[in-house]
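This report concerns only the one structure given below.
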Amino acid sequence: MTTPPSIPFNRPEVAGRELELVGEAITGGHTSSGGPFSKQAGALIQGATDAGEVLLTTSCTSALELSAMLLDLGPYDTVVVPSFTFTTSALAFARQGAKLLFCDVERDTLGLDPRHLAELLDDSVRAVVIVHYAGIACDVDGIRGVLADRPDVVIVEDAAHGLHGAFRDEKLGSIGRFASLSFHETKNFSCGEGGALLLNDPADVDRARVLYDKGTDRQAFFMGQVDKYSWRDTGSSFGMSDVLAAYLTGQLEVADHIQARRRAVWEGYAAALAPHADRLGLTLPGVREGAAPAWHLFHVLLPRADARRAVMDDLRSEGIATTFHYVPLHDSEGGRRFARRETDCPVTVDASSRLVRLPFFNTLTPDEVSRVATSFVAAVERHG
Ligand SMILES: Cc1ncc(COP(=O)(O)O)c(C=O)c1O
C-alpha cells in the first residue's frame, strides 16, 4: 500500500504575478521602502479596509510598536490586552513603558470579553487591544458599549488575522484608531515577513509618518511640504522594502481568488466536522451574527486538554501536521513581569489547552480537507 502524501500545516502559494513583480521591483531600481509597489500594495489595502492611511511595515509586531510610540505611553498608563493572543500584541506596549492588564476572552469567538473589560477598566487605562481571532470579529458592540463613557481610551485593533473580514458594514482594520495587519508566511496574504499600520484618525497621520521614517520629516520633504528634511521626533526604521511590497502586491491583486480558496477550506472542515461535534464534544469556531470571517485559520476545541497530545501525534503519524496556538499571556513570565496586577483569565486557560489548528492553506484540496477531517475524527474517537 502506498503512503498518502503528507499534508503540511501551511504551504505558501504563488497565487498571481508575485515572481514577475519582484523582478520588476529589483530591476526598476527602487528597492527600499516607499517605492512604486509600496504605493500599489497600500492602495489595495486601503480599498480592502477603508483605512484612512496605510503604512507598510516590516511586520505586524512593528506596526503595533509604532502605534504604541504614537500613544506616548508611560509607566502610569495601562493597556488592556487579551491574554489569548500573540506575545507582541502585549510586548509592543510593555516596551514603551506601559503596564498591562490581561483580559479574558469570550468562549464563542475567543475575542476580548467585554464583561471582563468592564471590571478591569480604571482611570489608568489608556488603550485596549482587540484581536479578531482567526479573522472572525470579536464583540465589537460589547467593547464599544463598555468604552462608551471613556472616549479617552484608544482602541488598538490587532487585525493580524483580519484582512478582508468585516463586522456588519465595517471592515476589520477600520474599527480601532490604530489597526495592525500581518503579512507573515502563514497569513492569507504574505510576503514572508511584513505588516501594516492603518491609521483611522487623520490627526495621527503627520506624526506617524515621522516616527515611521527614522524620526525624520523625509516623507513631508518628498511631498514637497518642507525644503529639507531633518530629525524631528522619536521613531525607527519601520518601512517595508519595495521588493517585499512587490511580492505582497502580487498576492493582494488576486485577493478574490485567495479568499475563495480559503473559504472553501474553512467551509469544508466545518461541514465535515459539524455532524460529529455533539457526539465527540468538539467546539467548532463561533461566528457572531453580522460577522464576515476573513477565513484565516480553522481551529477546534477538543473535549479534554489531556487528549490533545495523543490526537496531534496520531495525525502526525498519518502525515498530517497540526498545531496548537497561543499560550496564556497572563500566566507567562513576561506577562507577570509587565502586568500592573494579576488577573484571572479562566476561559483563556481552558481554550488554550484544548485548541488544535488544522492544516490551512490556499491549495489544500477538497480531498485533503476530507482526509484531515476523517483522521481527526478518528483520533478524537480514540483519545477524546
Ligand atoms: C494576533 C497576532 N498579532 C500579531 C502577530 C505578529 O505578527 P508578525 O509576525 O507579522 O509580527 C501575530 C502573529 O501571528 C498574531 O497572531
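Start at 1 and go down the list; that is how both ligands and their atoms are numbered. Residues take their numbers from the sequence shown, with the count starting at 1. Any value given below was found using the heavy atoms of this structure, including those in side chains, with hydrogens, waters and symmetry copies removed.
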Could you list the donor-acceptor pairs under 3.5 angstrom formed by side chains in residues 30-37, with sequence neighbours left out?
{"unit_1": "H30", "atom_1": "NE2", "unit_2": "S33", "atom_2": "O", "d": "3.0"}
{"unit_1": "H30", "atom_1": "NE2", "unit_2": "G35", "atom_2": "N", "d": "3.4"}

Would you compute the distance between atom CG of L198 and atom CD1 of I175 and round it to the nearest 0.5 angstrom? 11.5 Å

Go through D313 and R309 one step at a time and tell me if the salt bridge (charged side-chain N to carboxylate O under 4.0 Å, His left out) criterion holds. CA-CA 6 Å; D313 284 350; R309 189 70 273 156; 3.4 Å; yes

Please tabulate protein-ligand N/O pairs under 3.5 Å for ligand 1, atom names and distances to 0.1 Å.
{"unit_1": "ligand 1", "atom_1": "3 (N)", "unit_2": "D158", "atom_2": "OD1", "d": "3.2"}
{"unit_1": "ligand 1", "atom_1": "3 (N)", "unit_2": "D158", "atom_2": "OD2", "d": "2.6"}
{"unit_1": "ligand 1", "atom_1": "10 (O)", "unit_2": "C60", "atom_2": "N", "d": "2.9"}
{"unit_1": "ligand 1", "atom_1": "10 (O)", "unit_2": "S182", "atom_2": "OG", "d": "2.8"}
{"unit_1": "ligand 1", "atom_1": "11 (O)", "unit_2": "C60", "atom_2": "N", "d": "3.4"}
{"unit_1": "ligand 1", "atom_1": "11 (O)", "unit_2": "T61", "atom_2": "N", "d": "2.9"}
{"unit_1": "ligand 1", "atom_1": "11 (O)", "unit_2": "T61", "atom_2": "OG1", "d": "2.6"}
{"unit_1": "ligand 1", "atom_1": "14 (O)", "unit_2": "K187", "atom_2": "NZ", "d": "2.7"}
{"unit_1": "ligand 1", "atom_1": "16 (O)", "unit_2": "H161", "atom_2": "NE2", "d": "2.9"}
{"unit_1": "ligand 1", "atom_1": "16 (O)", "unit_2": "Y326", "atom_2": "OH", "d": "2.6"}

Between the CD1 atom in I320 and the OG atom in S6, the distance rounded to the nearest 0.5 Å is 9.5 Å

How long is the gap from CG on L64 to CZ on F178, to the nearest 0.5 Å? 11.0 Å

Classify the ring geometry between F84 and Y326 as parallel (under 30°), tilted (30 to 60°) or perpendicular (over 60°). perpendicular

